[in-house]
Amino acid sequence: MTTSPVGPLGRIDNLLETQLLLLDQVLQEECGYVDREALGHWCGLNRPWWLPNSGLSQESYWRLLHQLHANEVPNIALRVARRARIEDLGVMGYALMASASLEQGLKLAMNLARQSYPHLKVSITMDRDHAILACEVLPFGRHYEQLLLEEWMVSLWAYIQALLPEGVAACASYAMLGYKSPAYHWQYQQILGCRVVFDQARSVLAIPKQWLYIAIDGHSHQAQTLYEGQIKRLMPESEHSGDLVSRVKRLLLERCAECRFNLESTAPLMALSARTLRRNLADRGTSFRQLSLEVRMELAKDYLLNSQLSAQEVAYQLGYSQANNFYRAFKRFYGLPPEQFRQNTAVH
């Protein structure tokens, strides 16, 4: 397997590009009365912010939202966040969809929030009945507090809905927000499907605790889009022939939570016994263990280079019960420990 060039949404650094794209879509499709050029002027931007690779900073994005929020489009953050799609997260979106349960996926989503929004401090806690996803805006982000909380909560809810089987994520349990009720307060309940209370001591989104143990919906349209993208990135055209080896690799990428990189778990998904699959792979000069290692190492490389997951998180994502086992396997395969591999590649 070889890694193809990373697409435009492959890295989490490009989340800003996605945010600007979604903002432009909202203005073009829902707010035609807003002049994009004048908006950029009022925000002190000296280039067209809506063009790809505009080179703007995250601060510029929040200035745009703040200007709209204070004037023409008060609910702009809700409008943008409602368009959040898990497919736009690239390899990180794949990691979410490849998680074994919502609990694992949520931990990755909160990790994404920590790394993408330095203004925020996020956490997950439990009470008897709920998983409570909390968000605090740090002092240097207070100027954009409402916008940050709106975008965090609504986009997180969009990801939860994408991860759970259809019909399960109809509504959250409740939400609390640490600012006064805006004029469009009814839209929060419309989006989240639950009671929303404002002017609270903290900002949280609560969901039923039992949801954490539900398996991710790997058969949704979003999942298939992400799986296909990952297969194109990690499997060269020569491996799309449909032979047994290609089918095993594809299955390990598409249904890794079910396969668990385990022969006994994977064989039934191919309508074969473990013994038959082992023998047929041996006839082709390889083994299930070798194919699993190749897929795991290509995924590890992709996670390290195109996301901000730590080496320990990558190990867990790839099904290693002990991180040290992953570190040793990675070093044997690539000649360097995971974090050193990441650092050396970033330098070059």
Side-chain angles (χ1 to χ4, degrees), residues 19 22 26 65 69 73-86 89 93 96-97 99-114 116-117 119-139 141-142 144-217 220 222:
Q19 291 170 317
L22 295 181
V26 169
L65 257 61
H69 173 75
V73 196
N75 64 346
I76 186 62
L78 291 187
R79 292 181 185 232
V80 173
R82 289 190 74 168
R83 293 179 177 239
R85 300 186 312 160
I86 204 165
L89 298 178
L96 291 173
M97 276 297 181
S99 300
S101 65
L102 181 65
E103 182 176 21
Q104 183 181 345
L106 273 178
K107 287 178 179 177
L108 290 178
M110 298 297 267
N111 175 290
L112 171 64
R114 290 186 192 97
S116 302
Y117 299 98
H119 313 79
L120 304 181
K121 179 181 179 182
V122 298
S123 62
I124 304 178
T125 57
M126 310 285 176
D127 64 18
R128 189 182 69 176
D129 300 315
H130 301 99
I132 301 169
L133 314 173
C135 181
E136 175 188 350
V137 178
L138 298 174
R142 291 285 163 77
Y144 306 118
E145 181 171 18
Q146 182 174 335
L147 298 171
L148 283 161
L149 290 171
E150 286 180 337
E151 183 162 309
W152 169 77
M153 184 172 287
V154 174
S155 58
L156 178 63
W157 178 239
Y159 300 148
I160 291 172
Q161 289 180 301
L163 292 173
L164 289 175
E166 186 177 353
V168 173
C171 59
S173 297
Y174 63 86
M176 300 191 302
L177 288 158
Y179 50 84
K180 294 186 182 299
S181 175
Y184 52 91
H185 60 86
W186 56 272
Q187 293 184 13
Y188 291 80
Q189 184 168 337
Q190 183 184 63
I191 294 168
L192 301 172
C194 66
R195 179 171 59 96
V196 182
V197 185
F198 296 90
D199 211 10
Q200 299 299 298
R202 61 180 188 148
S203 298
V204 305
L205 176 67
I207 61 173
K209 189 175 181 179
Q210 64 265 29
W211 282 7
L212 298 180
Y213 314 111
I214 297 177
I216 299 298
D217 182 10
S220 66
Q222 294 98 324

### Query
Got a sec, which pairs hit ring-ring contact (aromatic ring centres under 6.0 Å, His included) with one end in residues 147-169, sequence neighbours left out?
none
### Message
Within the structure provided, determine whether L106 and L156 are in side-chain contact (heavy-atom separation under 4.5 Å).
### Response
yes
## Note on the structure
Hits for ring-ring contact (aromatic ring centres under 6.0 Å, His included) against H69, two or more places apart or cross-chain, chain-then-number order -> none
### Summary
side-chain hydrogen bond (donor to acceptor under 3.5 Å, both in side chains) filter on E145, not counting sequence neighbours, yields none
### salt bridge (charged side-chain N to carboxylate O under 4.0 Å, His left out) contacts in which one or both residues fall within residues 151-166, not counting sequence neighbours
none
### Message
Applying salt bridge (charged side-chain N to carboxylate O under 4.0 Å, His left out), can you list everything that pairs with D199, at least two apart in sequence or on another chain?
### Response
K180
### Query
In chain order, what residues pass the side-chain hydrogen bond (donor to acceptor under 3.5 Å, both in side chains) check against R79, with sequence neighbours excluded?
E30, N75
### Query
So which heavy atom on A215 is nearest to which on P165, and how close?
O-CD, 3.9 Å
### CD-OG distance between E136 and S203, expressed to the nearest 0.5 angstrom
9.0 Å
### Task
First locate atom CD1 of I124, then atom CD1 of I132, and finally report the distance between them rounded to the nearest 0.5 Å.
11.0 Å
### Query
So how far is it from C171 SG to Q161 CD, rounded to the nearest 0.5 Å?
10.0 Å
### salt bridge (charged side-chain N to carboxylate O under 4.0 Å, His left out) contacts touching residues 182-195 (sequence neighbours left out)
none
### Query
Quick one: CZ on R114 to SG on C135, what's the gap to the nearest 0.5 Å?
10.5 Å
### Message
Would you say that I191 contacts R82 through its side chain, given a criterion of any heavy-atom pair below 4.5 Å between the two side chains?
### Response
yes
### Query
Quick one: side-chain hydrogen bond (donor to acceptor under 3.5 Å, both in side chains) partners of Y179, sequence neighbours excluded?
Y188
### Query
How close do V137 and L148 get, heavy atom to heavy atom, and via which atoms?
CG1-CD1, 3.9 Å
### Query
Under a 4.5 Å cut-off applied to non-hydrogen side-chain atoms, are L133 and I160 in contact?
yes
### Task
Mind checking the CD1-CD spacing from I216 to E103? Nearest 0.5 Å is all I need.
10.5 Å
### Task
Mind checking side-chain contact (heavy atoms from CB on, under 4.5 Å) for A131 and listing every partner two or more places apart, or none if nothing turns up?
M126, I207, L212
### Query
Restricting to pairs with a member in residues 204-213, which pass side chain to side chain donor-acceptor pair (under 3.5 Å), not counting sequence neighbours?
none
#### Entry: Any M176 side-chain heavy atom under 4.5 Å of R202 side chain
yes
### Summary
side-chain hydrogen bond (donor to acceptor under 3.5 Å, both in side chains) filter on R142, not counting sequence neighbours, yields none
### Task
Quick one: list whatever passes side-chain contact (heavy atoms from CB on, under 4.5 Å) with Q222, sequence neighbours left out.
I86, E87, M97, A162, S220
### Query
Is there side-chain contact between S173 and C194, with at least one heavy-atom pair below 4.5 Å?
no
